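A note on names: the letters A, B, ... follow the listed sequences, proteins ahead of strands, and every chain is numbered from 1. Bear in mind the structure is a predicted one, so any value in this text is a computation, not a measurement.
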Amino acid sequence: MTVRTRFAPSPTGYLHIGGARTALFCWLYSRHHGGTFILRVEDTDRERSTEAAVQAILDGMAWLDLNADEGPFYQTQRFDRYREVARGMLESGTAYHCYCSKEELDAMRAEQMARKEKPRYDGRCRDRKEPKPGVTPVIRFKNPQEGQTVVEDAVKGRVVFDNHELDDLIIVRSDGNPTYNFCVVVDDMDMRITHVIRGDDHLNNTPRQMNILKALGFTPPQYAHLPMILGPDGTKLSKRHGAVSVMQYREDGYLPEAVLNYLVRLGWSHGDQEVFSREEMVKLFDIKDVNTSASAINPQKLLWLNQHYIKTGDLKRLADELKWHLERIGVDMSKGPSLEGLVKAQQERAKTFKEMAEGSRFFFEDVKEYDPQAAAKNLTPEVLPGLMTLREKLVALPEWSAPALHDALNQTAEALGLKLGKLAQPLRVAVSGGGVSPPIDATLELLGRETALARMDRAIKHIEKAA
RNA sequence: GCUCCCUUCGUCUAGAGGCCUAGGACGGAGCCCUCUCAAGGCUUAAACGCGGGUUCGAAUCCCGCAGGGAGCGCCA
């Protein structure tokens, strides 16, 4: 039997980090077993579902490169099928019409709550033979009243529900539209899903779904309920926690491989290993190694992983990503150093591309003003002789390369009896405008002789003017 | 209220009765390296929710309790 998994988001918002983790585990499971990964959009709630949200989810999946083998399928396009199945259940007697009004149901629930009982439909229309005139009925599933339903969950283990805890849920509304739990069941059946991997907020729905499946003469799939992902403070994920949309991570300068690697370690582990390539994840992923308890996201660790992938990534790829971010912050790249050169110079010191892009700015744009603190400390009359001597040296430097610049700097410092820092730091402020940059030799090389000298001149003037 | 799920350093986790003086990772602290920022190297603090059992022996098995979460809709 080929493994078939599905990721089934409802398009009421962007793809958030929890949904992405579920998608990843579904994807990994199917990949690991050489199976099929299906994307299904659960848009039966026409009020809350939007086209934009569908697109946002698709974009998020594409960015993470979690591609579906089948789909996307849309539940709203399958209403005829759901109604057909419901009709069949009516005929076979596993479902029935219910004429209860909303008010009646509310009153019933209120009474039950008052009696400290679990609110549930009491089945009063179960054996009704005649329709109630003037009322369009809903269709309810006739849930078994006796016995137990056992979920053999791949992560939670054996979970037992008494059938009398489950009531007769509505499968088709009075407007003729099917409900969520029913659509899921019909889809999982029709799409021949073998493994349902989803958030554990669905664990309580599972026995109901299994019972409907059984009533349809279908063997339920294997279930695996994943623990929730919480915000950094250990409470439920929400917008309050900052980046909850997967695409927000891209904007914040994260690489998809870092996000994926971070996500895979949330609720799953393989011994002490922390870094996993995509191939390793596929090879090593096993549902048995999935945890049972919820986990909080830890932005620091994501940052660390991101930095790891920036440090070790392919230059060309990283350069493309840097380009995307430079465009975003409005940097004109028509003149200036190569992006690969910039990545190389910064990949050991940038945690995100957002940071790298900001740090790249001065390579493309003139220094308009100096960082006041850095200038006050480094652009002082005392450094003037050093800067001027160095300028002479650099004008005449035969080869404008990092090693040659490195030597020139060291020689000048030595000749003047200065520590390198006394020369390098003022120079850094002069050419970058601030106190932070890649190593000064690499920075100068990237900047080019003309630009570097012009900025030194400007700094020299700045000092003279202040003095 | 009822049903179900969960509980190891701050966080992610290893741990399948003796290998645990509870390991790793992020973060923290300290030191080294150093032209800034980083990176890197070394060192270090930090956890089995509580109470009962079972057993020669429990983080691991059982039972309670407490705390957290989810579900109980003509929402998904």
What side-chain donor-acceptor pairs closer than 3.5 Å can you find for residues 284-301 of chain A, not counting sequence neighbours?
from: A/D286; atom 1: OD1; to: A/K288; atom 2: N; distance (Å): 3.0
from: A/K301; atom 1: NZ; to: A/E274; atom 2: OE1; distance (Å): 3.0

(request) State which residues pass side chain to side chain donor-acceptor pair (under 3.5 Å) with A/D201; sequence neighbours excluded, sorted by chain then number. (result)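 If we apply the side chain to side chain donor-acceptor pair (under 3.5 Å) test to A/D201, skipping adjacent residues, there are no hits.
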
Enumerate the protein-to-nucleotides 67-71 of chain B contacts in which both atoms are nitrogen or oxygen and the separation is below 3.5 Å.
from: B/A70; atom 1: O2'; to: A/D201; atom 2: O; distance (Å): 3.3
from: B/A70; atom 1: N3; to: A/N204; atom 2: ND2; distance (Å): 3.3
from: B/G71; atom 1: O4'; to: A/N204; atom 2: ND2; distance (Å): 3.4

Closest approach of [X] to [Y] (non-hydrogen atoms, all atoms of both residues):
| X | Y | answer |
| --- | --- | --- |
| A/D441 | A/L405 | O-CD1, 3.6 Å |
| A/I171 | A/A95 | CD1-CB, 4.2 Å |
| A/I310 | A/A350 | CD1-O, 3.7 Å |
| A/R278 | A/L64 | NH2-O, 2.5 Å |

(request) Mark up nucleotides 14-20 of chain B, 5' to 3', with B wherever a protein heavy atom is under 4.0 angstrom from a base atom, S wherever such an atom reaches only the sugar-phosphate, and - elsewhere. (result) S------

(request) Summarise how protein sits on nucleotides 33-45 of chain B as a single string, 5' to 3': B when a protein heavy atom is under 4.0 Å from the base, S for sugar-phosphate-only contact, - for no contact. (result) --BBBBSS-----

Please state the [atom1] separation for the pair [N] and [M] - nearest whole angstrom.
| N | M | atom1 | value |
| --- | --- | --- | --- |
| B/C61 | B/G68 | C1' | 24 Å |
| B/G18 | B/U13 | C1' | 23 Å |
| B/A29 | B/G17 | P | 40 Å |
| B/C5 | B/G27 | P | 37 Å |
| B/G28 | B/U60 | P | 33 Å |
| B/A70 | B/G57 | C1' | 38 Å |
| B/A46 | B/A76 | C1' | 42 Å |
| B/C56 | B/C72 | C1' | 48 Å |

(message) Below the 4.0 Å mark, does B/U13 have OP1 or OP2 next to a side-chain nitrogen or oxygen of A/S295?
(response)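 Checking A/S295 against B/U13: at least one side-chain N or O falls below 4.0 Å of OP1 or OP2.
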
(message) Whether A/R109 contacts B/G73 is assessed here as follows: a side-chain N or O lying under 4.0 Å from the phosphate OP1 or OP2. Is that the case?
(response) yes

Write down the distance between [atom1] ([X]) and [atom2] ([N]), rounded to a whole number of angstrom.
| X | N | atom1 | atom2 | result |
| --- | --- | --- | --- | --- |
| A/I297 | B/G27 | CD1 | C1' | 15 Å |
| A/M113 | B/G1 | CE | P | 10 Å |
| A/N261 | B/A25 | CG | C1' | 11 Å |
| A/F141 | B/C74 | CZ | P | 17 Å |
| A/D122 | B/C72 | CG | P | 18 Å |
| A/Q75 | B/A76 | CD | C1' | 9 Å |
| A/I229 | B/C5 | CD1 | P | 21 Å |
| A/Y99 | B/C74 | OH | P | 17 Å |

(message) Would you call the rings of A/H97 and A/Y99 parallel, tilted or perpendicular, taking 30° and 60° as the class edges?
(response)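 Correct class here is tilted.
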
(message) Below 30° counts as parallel, above 60° as perpendicular, anything between as tilted: where do the rings of A/H325 and A/F353 land?
(response)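 Because their plane-to-plane angle is under 30°, the rings of A/H325 and A/F353 count as parallel.
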
Could you work out, with side-chain contact (heavy atoms from CB on, under 4.5 Å) as the rule, every residue matching [X], not counting sequence neighbours?
| X | result |
| --- | --- |
| A/K283 | none |
| A/P221 | A/V196, A/L213, A/Y223 |
| A/A376 | none |

Let's test this: given Watson-Crick or G-U wobble pairing with both distances under 3.5 Å, identify the partner of [N].
| N | answer |
| --- | --- |
| B/A66 | B/U7 |
| B/A39 | none |
| B/U34 | none |
| B/U60 | none |
| B/C2 | B/G71 |

Within the structure shown, what part of the strands sits under 4.0 Å from [X] by heavy-atom distance: base, sugar-phosphate, or nothing?
| X | result |
| --- | --- |
| A/S49 | nothing |
| A/S174 | base |
| A/E274 | base |
| A/G267 | sugar-phosphate |

(message) Could you check whether any side-chain heavy atom of A/I17 comes within less than 4.5 Å of a side-chain heavy atom of A/L263, counting everything from C-beta outward?
(response) yes

(request) Kindly state each residue pair satisfying side chain to side chain donor-acceptor pair (under 3.5 Å) with at least one member in residues 373-385 of chain A, sequence neighbours excluded. (result) A/T380-A/E382

(request) Would you mind listing every side chain to side chain donor-acceptor pair (under 3.5 Å) that reaches into residues 412-439 of chain A, with sequence neighbours excluded? (result) A/Q425-A/R428, A/R428-A/S437, A/S437-A/T443

(message) Taking the nucleotide of RNA chain B with the nearest heavy atom to each, does A/K116 or A/R140 sit closer to the 5' end?
(response) A/K116

(message) Please identify which of these residues, A/R208, A/K142, A/R126, meets the salt bridge (Lys or Arg N to Asp or Glu O under 4.0 Å) condition with A/D168.
(response) A/R126

(request) Give a yes or no on this: more than 12 heavy atoms of other residues, nucleotides or ligands lie within 6.0 Å of atom CZ of A/R115. (result)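 Counting other residues, nucleotides and ligands, CZ of A/R115 exceeds 12 neighbours.
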
(message) Under 4.0 Å, heavy atom to any atom of RNA chain B: which of residues 153-170 of chain A qualify?
(response)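 By residue number: A/K156, A/V159, A/V160, A/F161, A/E165, A/I170.
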
For residues 71-80 of chain A, tabulate all N or O donor-acceptor pairs below 3.5 Å that involve a side-chain atom, not counting sequence neighbours.
from: A/Q75; atom 1: NE2; to: A/E42; atom 2: OE2; distance (Å): 3.3
from: A/Q75; atom 1: NE2; to: A/D187; atom 2: OD2; distance (Å): 2.8
from: A/T76; atom 1: OG1; to: A/D43; atom 2: OD1; distance (Å): 3.4
from: A/T76; atom 1: OG1; to: A/D43; atom 2: OD2; distance (Å): 2.6
from: A/R78; atom 1: NE; to: A/Y82; atom 2: OH; distance (Å): 3.4
from: A/R78; atom 1: NE; to: A/D187; atom 2: OD1; distance (Å): 2.8
from: A/R78; atom 1: NH2; to: A/D187; atom 2: OD1; distance (Å): 2.9
from: A/R78; atom 1: NH2; to: A/D190; atom 2: OD2; distance (Å): 2.9

(request) Taking only the side-chain heavy atoms of A/K301 (C-beta and beyond), determine which of B/C72, B/A76, B/C12 contains the nearest atom. (result)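 My answer, after comparing the listed nucleotides, is B/C12.
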
(request) Decide yes or no, distance alone: a donor-acceptor N/O pair under 3.5 angstrom between the base of B/C74 and the side-chain of A/T179. (result) no

